[in-house]
Amino acid sequence: MPRCYFDHNATTPLHPEVAAAMMPVLGAVGGAPGFGNPSSLHWAGREARRLVEDAREALATLIAADPAEILFTSGGTEADNLGILGAAASGRLKGRHLVAATFEHPAVLEPIRKLAAEGWDVTWIDPGADGVVRTETVEKALRADTGLVTVMAANNETGAIQPIAEMGALLRGRGIRFHCDGVQALGKFAEICPRAWQVDTMALSAHKINGPKGIGVLYVRKGTPLQGLALGGPQERETRGGTENVAGIVGFGKAAEVWARIGAEERIRLGALRDALAFALQARIPGLIVNSAEAPRVANTLNVTLPGCKADLMAMGLDMREIAVSAGSACASGSVKYSHVLLAMGRDKEAASSSLRFSLGFGNTEAEIIPCAEMVAQTAASLRGL
Ligand code: PLP
């Protein structure tokens, strides 16, 4: 069986159109457009600037924003850091109380923990057993001095979609800053529109939608005060200093164009593949549980608990068969790490160390589904000593 890649929530390969758009910029030896510094006033700078602004426009179109609201960063992690730490540093939040969801990506958890260590008061909120944070849970956590709330649009482990628009409506009315990690939502939602959702800042990343690694966006709603963290240049509206990653930006812009074009069809295709995989696994593996099955989920993500099978051993066993999946837990220096997402959903440690994530993408085909399910079933049976 050929090697299979089911880890598109970790990263995706470059789309051929993205690679083709980036090559001239990467390979330009003093000639092709794009090698210049976008801040330079001469022709080479102007050409690079034009490419950057075209990409900004493509990103803005994909998320129904104004190009002036798109700020390029080095990836989703920096965008989350800037959205949270930059808000805190702006001195313009209503108060020093923060509300954050426990199942966030470390790109959000760590900046919040940093602020907590600096004396900000943090209320952590959990999703329900289905992996969805309720708007009422956010509402209950609010205080008169709440300055910022952060909840992700779709969870990276379970794919569960969160009621961001509902939360946005609640928070805007109270003048509370709303940051949203949209990294796993981009390309996977029919519509991702931070402005309509009344989100103030939203993090996005190119490499989850067949764009290059090392390039991201922070959507910053017009008029949102934000203190830059990388000082030393006037780039990106004086909020993110440093010469722009022109090739990366061009790649992100092209990936946005590609997903605007293929997204609707691709989501239907991936949803069908995902459901077929779930069905095939359930038919072969006794006791298998699909996590967040009852929640609205992004089409490409399937998270399953395999009771009695440690996730890291499953992932290693599958890797030996050249099937790439992700273990929600990882073994670090002999000790089992549990999926903080499943623990937040109220699952026990056994479940939180026995769950696998399959995340599908552009290259996956129907032909892979049954052979993959067979391999997973064989690996599970051997781990269970059957
Ligand atoms: N947020 C979420 C939900 C993610 O899944 C990831 C990456 O896995 C990130 C943030 C970080 O993005 P990047 O890898 O571009 O820094």
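Quick note: residue numbers are just sequence positions, from 1. Note that these values count all heavy atoms, side chains included, but never hydrogens, waters or copies made by symmetry. Order of listing sets the numbers, starting from 1, for every ligand and every atom in it.
- Using a 4.5 Å heavy-atom threshold, the side chains of Arg357 and Thr301 count as touching.
- Within a 6.0 Å radius of CZ in Arg143, more than 12 heavy atoms belonging to other residues, nucleotides or ligands are found.
- The aromatic rings of His15 and Phe362 sit tilted relative to each other, their planes meeting at an angle between 30° and 60°.
- Salt bridge annotation for Lys114-Glu118: present, with a cationic side-chain nitrogen under 4.0 angstrom from a carboxylate oxygen.
- With respect to the salt-bridge test (charged N to carboxylate O, under 4.0 angstrom), the residues Glu53 and Arg49 qualify.
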- Task: Would you please test Arg347 and Asn291 for side chain to side chain donor-acceptor pair (under 3.5 Å) and show each step?
- Result: CA-CA 10 Å; Arg347 308 294 296 278; Asn291 295 310; 2.4 Å; yes
Check ligand 1 for N or O atoms under 3.5 Å from a protein N or O and list each pair with its distance.
unit_1: ligand 1; atom_1: 1 (N); unit_2: Asp181; atom_2: OD1; d: 3.4
unit_1: ligand 1; atom_1: 1 (N); unit_2: Asp181; atom_2: OD2; d: 2.6
unit_1: ligand 1; atom_1: 5 (O); unit_2: Gln184; atom_2: NE2; d: 2.7
unit_1: ligand 1; atom_1: 8 (O); unit_2: His105; atom_2: NE2; d: 3.4
unit_1: ligand 1; atom_1: 8 (O); unit_2: Lys208; atom_2: NZ; d: 2.5
unit_1: ligand 1; atom_1: 14 (O); unit_2: His207; atom_2: NE2; d: 2.9
unit_1: ligand 1; atom_1: 15 (O); unit_2: Gly76; atom_2: N; d: 2.8
unit_1: ligand 1; atom_1: 15 (O); unit_2: Ser205; atom_2: OG; d: 2.6
unit_1: ligand 1; atom_1: 15 (O); unit_2: His207; atom_2: NE2; d: 3.4
unit_1: ligand 1; atom_1: 16 (O); unit_2: Gly76; atom_2: N; d: 3.4
unit_1: ligand 1; atom_1: 16 (O); unit_2: Thr77; atom_2: N; d: 2.9
unit_1: ligand 1; atom_1: 16 (O); unit_2: Thr77; atom_2: OG1; d: 2.6

